[in-house]
Amino acid sequence: MSHELPKAYDPSAIEEKWAKYWVEERLFDVPTPVAGAPEGIPFVQLLPPPNVTGRLHMGHMLNQTEMDVLTRWHRMRGHTALWVPGTDHAGIATQMMVERQLASEGGPTRQELGREAFTKRVWQWKQQYGGAITEQMRRLGASVDWSREYFTMDERLSRAVKEAFVRLYEQGLIYRGAYIVNWDPQIQTAVSDLEVVHEERAGKLYHIRYELADGSGSLVIATTRPETMLGDVAVAVNPGDKRYKSFIGKTLVLPLVGREIPVVADEWANPEFGTGAVKVTPAHDPNDFAIGLRHNLPQLSIMDERAQIKLPGSPYDALDRFAARERIVEDLRALGVLIDIKDHNHAIALSQRTGVVIEPRLSMQWFLAVNKTPSRGGDSIAAKAIAAVRDGHIQFTPDMYAKTYFEWMNNIHDWCISRQLWWGHRIPAWHCGACGKITVSRETPGACSGCGITDIKQETDVLDTWFSSGLLPFTAFGWEGNELTPDLAAFYPTQLLVTGFDILFFWVARMIMLGCHFMLDVPMPDGSTRTLADAVPFRDVYIHALVRDADRQKMSKTKGNVIDPIQIITQYGTDAVRFTLASQASPGTDIAFNDARTEGYRAFANKIWNAARFLNMQLERGTEAGYTVIHASPLAGAEPASAYETLATAAGLETRWIFARLNSVCNEVDSALQNYRFDEAASAVYRFFWGEFCDWYLELVKLRLDFTPPKDEQTAATLNALVTVFETALRLLSPFMPFLTEELWHALHAQLGVAAPAKSIALTRYPQAADFPADAESADAMTVLQELIVTVRGLRKEIGVPEKEATPVQVHGTTQVTGLISANADMLAKLARVSEVTVATEALRGNSARSTTSFDVAMVYERKIDVAAERERLQKDLAKYDKLLQAAERQLGNEAFIAKAPAHIVDGLKKQAAEMRALRDKAQGGLDELPPE
RNA sequence: GGGCGGUUAGCUCAGUUGGUUAGAGCGCCUGCCUUACAAGCAGGAUGUCGGGGGUUCGAGUCCCUCACUGCCCACCA
């Protein structure tokens with residue numbers, strides 16, 4: 001039977017197969033617990049739901065790699081590991097996408113189609129294309145529970161959203177009113193503060209003269225937006241501003257318009273800015289709106305939803321706001337009241353979605369009051385959200401994000417949750433045309449709650465997408481009120497949220513606000529009242545960095561530097577890309593994605609692949625020679641450590657050593673992942689597999705495997721150990737490189753002729769340090785031998801011994817060290833081409849000798865000495881050791897140091913000084929022996 | 001305007017509570033087709049840890065300051 005692996009690793013040949021297998025076999029589904037919570041603390045994560053319109057980008061890939069590594073790691077450690085996937089309906093993005101599609105088809109516009117037909121059309125679009133991103137996720141091997149996949153507009157989630165809205169309304173936390181909001185005139189909807197981005201731009205500050213109605217004088221105002229003067233209802237000056245004292249209470253005539261407006265005194269007017277007199281346009285500026293309220297001024301809207309002037313009869317009617325600006329400036333100039341135009345840089349507000357300039361607009365909207373006490377009492381939403389983090393119920397990593405969070409949460413304003421869109425959760429409120437009463441209800445009401453007439457109309461606005469996604473940590477588990485569903489009992493709070501800082505406020509903060517608010521009302525599994533500590537939506541938040549291009553530039557379509565993960569995956573394999581991201585994922589640092597690095601990790605995958613091939617060959621030879629290897633991967637429990645002990649003793653030093661290394665690398669990986677140090681974990685497994693298992697263990701194993709008859713115990717033990725270590729390494733690597741390890745793990749079992757003990761390596765047990773003897777003695781012994789081998793290799797190279805020629809060496813050191821070396825002369829022979837080792841009684845120095853802190857070694861070889869090079873080397877050594885020695889001696893001579901530093905530091909330094917002195921003397925001795933220049 | 005980061009080898013980054021010779025990968029140089037792997041093996045070079053000051057027996061690590069740089073937030077017309 002042949003189990004030959006192809007010579008080179010080809011990810012495309014294996015990845016799709018396993019991706020499909022994992023999904024079809026439903027390996028990662030976590031059923032709803034029948035009663036109570038699963039044993040232990042389940043590891044539950046919610047995937048930040050990608051937009052249905054989305055295509056996989058590097059940010060997703062990083063996010064999913066991190067989540068998957070953790071999920072697989074926890075699962076293998078025996079925890080219930082639940083990762084819930086889903087997609088977000090993404091109101092604005094999706095509506096725009098479909099509108100664009102309609103336009104490109106030359107079809108009707110959204111408005112022509114009408115609301116019902118249009119939303120139907122969006123659903124069609126969603127059915128057809130909405131799965132693209134989850135398809136790509138499957139390709140990444142994300143070990144999510146697909147049986148729990150949701151869409152934020154699913155019927156069940158829609159019910160939950162309605163429930164949440166109605167509850168907040170009943171608690172007096174949702175209100176409706178006419179306020180200035182950020183208006184996007186392109187898509188013609190309100191957007192929240194967060195959806196506005198500011199950009200510094202060069203603008204103008206226009207100085208305009210307004211005459212007093214009584215003709216007694218005039219005053220000059222300064223504005224960046226002269227077109228809004230059409231809506232002016234006052235001019236404000238600071239009450240303390242002496243220049244304008246006499247104007248207060250008088251009436252001005254608005255140029256071009258002729259309307260009379262008062263001069264009011266308001267603190268907001270800044271005497272330092274402009275002329276100190278500011279025009280007041282309550283319907284088109286948030287500050288002016290506030291002034292208007294203070295002075296009881298009318299609110300005069302002069303623009304429509306497209307940001308065109310709407311003043312029937314006026315010459316400016318129907319002009320776009322920017323065209324109107326030009327016309328008005330011209331007309332003011334003609335009138336002679338345009339006094340000055342100054343350059344003025346200021347930050348203008350742009351819509352994040354469309355990039356158009358935001359128009360502050362007075363309109364009727366729905367708001368969530370975040371700082372208000374609910375009608376039934378208790379803390380405000382923001383107060384709870386602050387307390388949850390402040391009191392440590394939620395932990396941020398990196399923790400500096402907690403500061404950012406507080407900064408925002410402490411200054412939070414009410415949240416405008418209504419959008420004038422058609423795609424989204426329609427607000428469950430009904431307007432009565434007769435009495436004006438609003439009926440907010442879970443079910444479609446038959447009649448107005450005020451006057452009882454049946455002719456009521458549902459609110460046309462929908463909810464901000466983030467409102468529904470903010471509810472996900474509990475709605476994903478079946479929340480529809482105060483009842484504790486089995487899933488909520490088992491899985492809430494989730495353990496960890498992994499996400500990017502770009503949605504810290506949009507999503508993370510909203511989940512905390514809404515989770516803390518709603519879940520406080522849901523009892524604990526034991527029936528007790530829930531406290532904030534258990535109302536939180538997640539215990540940990542891990543904020544990952546941004547993936548940038550190789551030159552640290554932000555990826556953007558306009559720059560054309562977007563790296564398509566699918567393309568990189570096709571080129572290098574998913575495992576290599578995952579490993580690249582994991583190994584770069586150091587908290588708080590952006591990732592400069594350089595595919596040179598990915599190429600390196602593909603080489604790593606290839607290395608693993610070839611180690612498997614080597615193993616296969618040894619097993620084949622072993623089988624032919626009549627050896628049997630029986631190995632079963634641990635599922636729940638480990639082999640008893642004593643079994644490893646016995647195996648290692650029979651196999652030899654290198655096996656004892658590699659077990660000791662496993663002991664230590666298991667610890668490293670576990671503690672790194674515990675702290676979300678994906679980079680450290682990845683580099684630990686990398687160094688172990690390549691630097692230790694391949695570079696040393698596999699080479700040394702070649703010495704031990706003697707398949708010529710008769711059978712011997714050492715070969716048998718080594719063969720077993722080899723399989724054990726390799727299989728363990730596969731499990732260790734599996735969370736990082738799930739495809740490759742799955743393939744090789746199955747191949748190994750096939751080769752061994754035994755059934756794999758599980759359907760997937762992902763369902764086996766993660767290697768634990770305690771499984772392997774720490775064995776410091778073997779570790780130390782190998783360190784000496786490795787150091788010797790490396791030193792000899794270096795010597796050979798320097799001296800110029802031909803590659804293939806074996807040479808004798810002399811060693812000097814303690815009897816323990818020389819004994820160890822002599823006993824392992826075969827290692828030296830194999831790895832450093834040493835033909836013979838003799839022990840010298842005297843210290844070794846001279847041109848062919850090298851010294852380390854544990855031994856001297858000299859090569860017995862006639863050579864032509866490059867005196868100059870040798871002198872240079874020795875002088876360099878001398879200088880180095882001398883410098884270190886002097887530094888050590890200086891410090892040891894410092895009484896304060898001896899008195900204050902801990903003993904182990906002082907002793908260590910003394911030892912170091914002695915070693916440096918010896919090494920320095922040897923270097924000096926070598927120099928003395930060189931022929932003079 | 002407010003807040004938060006970063007600056008360590010040519011490049012990308014580690015560096016745990018201050019403690020004994022500051023590390024890794026990639027790249028670079030030299031030599032090897034030693035059959036698991038040339039996507040490899042072996043050897044090698046490379047750092048006044050952004051500048052200055054301070055605390056300390058001891059600073060890449062703590063404090064101050066300056067410079068450069070990035071990000072977030074913000075209703076100054």
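Every value quoted in this text rests on a predicted model; they were computed, and no experiment measured them. Lettering follows sequence order; numbering is per chain, from 1.
- Residue contacts for A:L698: at a heavy-atom cut-off of 4.0 Å it reaches a base atom on one of the strands shown.
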How far apart are the C-alpha atoms of A:R687 and A:S683, what are their side-chain angles, what is the distance that settles it, and do they pass the side chain to side chain donor-acceptor pair (under 3.5 Å) test? CA-CA 6 Å; A:R687 282 198 313 265; A:S683 97; 3.1 Å; yes

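- As a whole-Å value, the separation of A:L885 CG from B:U20 C1' is 13 Å.
- Separation of the C1' atoms belonging to B:C62 and B:G18 is 7 Å when rounded to the nearest angstrom.
- Looking only at atom types and distance, the side chain of A:Q786 has no donor-acceptor partner in the side chain of A:T783 under 3.5 Å away.
- The residue among A:K910 and A:K403 whose nearest nucleotide of RNA chain B is located toward the 5' end is A:K403.
- Between A:Y405 atom OH and B:G5 atom P there is a gap of 18 Å when expressed in whole angstrom units.
- A donor N or O paired with an acceptor N or O is found under 3.5 Å between the base of B:C37 and the side-chain atoms of A:K607.
- Between A:F505 and A:W408, the ring planes are parallel. Angles under 30° get that label, and only those over 60° would be called perpendicular.
- For the pair A:R294 and A:W268, the NZ or CZ position fails the cation-pi test of under 6.0 Å to the six-membered ring centre and within 45 degrees of the ring normal.
- We find that A:R704 and A:D826 are joined by a salt bridge, their nearest charged nitrogen and carboxylate oxygen being less than 4.0 Å apart.
- One interatomic measurement links the two molecules: CZ of A:R602 to C1' of B:G40, which rounds to 13 Å at whole-angstrom precision.
- Between A:Y601 and A:F579, the ring center distance clears the sub-6.0 Å criterion.
- Going from atom CG of A:L700 over to atom P of B:A36 covers 14 Å, rounded to whole Å.
- If you check every strand for non-hydrogen atoms under 4.0 Å, A:V790 touches sugar and phosphate atoms only.
- The side-chain hydrogen bond (donor to acceptor under 3.5 Å, both in side chains) test applied to A:Q584 returns A:R597, not counting sequence neighbours.
- Look at CD on A:E699: it is 13 Å from P on B:U34, rounded to the nearest Å.
- Atom P of nucleotide B:A36 and atom CZ of A:R613 are separated by 9 Å, given to the nearest angstrom.
- Note on A:E668: nothing from the nucleic acid sits closer than 4.0 angstrom, heavy atoms only.
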Quick tally for nucleotides 68-77 of chain B: nucleotides whose base has a protein heavy atom under 4.0 Å get B, sugar-phosphate-only ones S, the rest -, giving ----SS-BBB

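- By the side-chain contact (heavy atoms from CB on, under 4.5 Å) test, A:S664 is found to be paired with A:R661, A:E668, residues two or more places apart in sequence or in another chain being considered.
- B:U55 and B:U61 are spaced 14 Å apart, taking the C1' atom of each and rounding to whole Å.
- Side-chain atoms of A:Y210 and A:D232 form a donor-acceptor pair, as typed in the model, at a separation below 3.5 Å.
- Look at A:E359 and A:R225 and you find a salt bridge, because one of the NZ, NE, NH1 or NH2 atoms lies within 4.0 Å of a carboxylate O, short of that distance.
- Using a 4.0 Å heavy-atom criterion, one finds that A:R677 contacts the sugar-phosphate atoms exclusively.
- Residues A:R613 and A:N616 bring no donor and acceptor atom of their side chains to less than 3.5 Å of each other.
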Collect all protein-nucleotide pairs involving nucleotides 17-19 of chain B in which both atoms are nitrogen or oxygen and the distance is under 3.5 Å.
residue, atom, partner, partner atom, Å
B:G19, N2, A:Q891, NE2, 3.4

For RNA chain B, the dot-bracket notation using Watson-Crick and G-U wobble pairs below 3.5 Å, [ ] for pseudoknot-type crossings and | for other-strand pairs, is (((((((..((((.....[...)))).(((((.......))))).....(((((..]....))))))))))))....

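- In this structure, CZ of A:F689 is placed 15 Å from P of B:C37, rounded to the nearest angstrom.
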Set out, line by line, the N/O atom pairs under 3.5 Å between protein and nucleotides 24-32 of chain B.
residue, atom, partner, partner atom, Å
B:U30, O2, A:K797, NZ, 3.1

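- Ring geometry for A:F273 versus A:H344: interplanar angle over 60°, hence perpendicular rather than tilted (30 to 60°).
- One finds a salt bridge joining A:E199 and A:R201 here, because a Lys/Arg side-chain nitrogen approaches an Asp/Glu carboxylate oxygen to under 4.0 Å.
- Taking a 6.0 Å sphere around CD of A:E895, one finds it holds 12 or fewer heavy atoms contributed by other residues, nucleotides or ligands.
- Nucleic acid contact for A:K911: none, since no nucleic acid atom lies under 4.0 Å from a heavy atom of the residue.
- Within the structure, every side-chain polar atom (N or O) of A:Q618 is placed at least 4.0 Å from both OP1 and OP2 of B:A36.
- Comparing the P positions of B:G70 and B:G27 gives an interatomic distance of 29 Å, to the nearest angstrom.
- Taking atom CG of A:N616 as the reference point, atom C1' of B:C37 lies 14 Å away to the nearest angstrom.
- Using a 4.0 Å heavy-atom criterion, one finds that A:K702 contacts the bases of the nucleic acid, with or without backbone contacts as well.
- Taking a 6.0 Å sphere around NZ of A:K702, one finds it holds more than 12 heavy atoms contributed by other residues, nucleotides or ligands.
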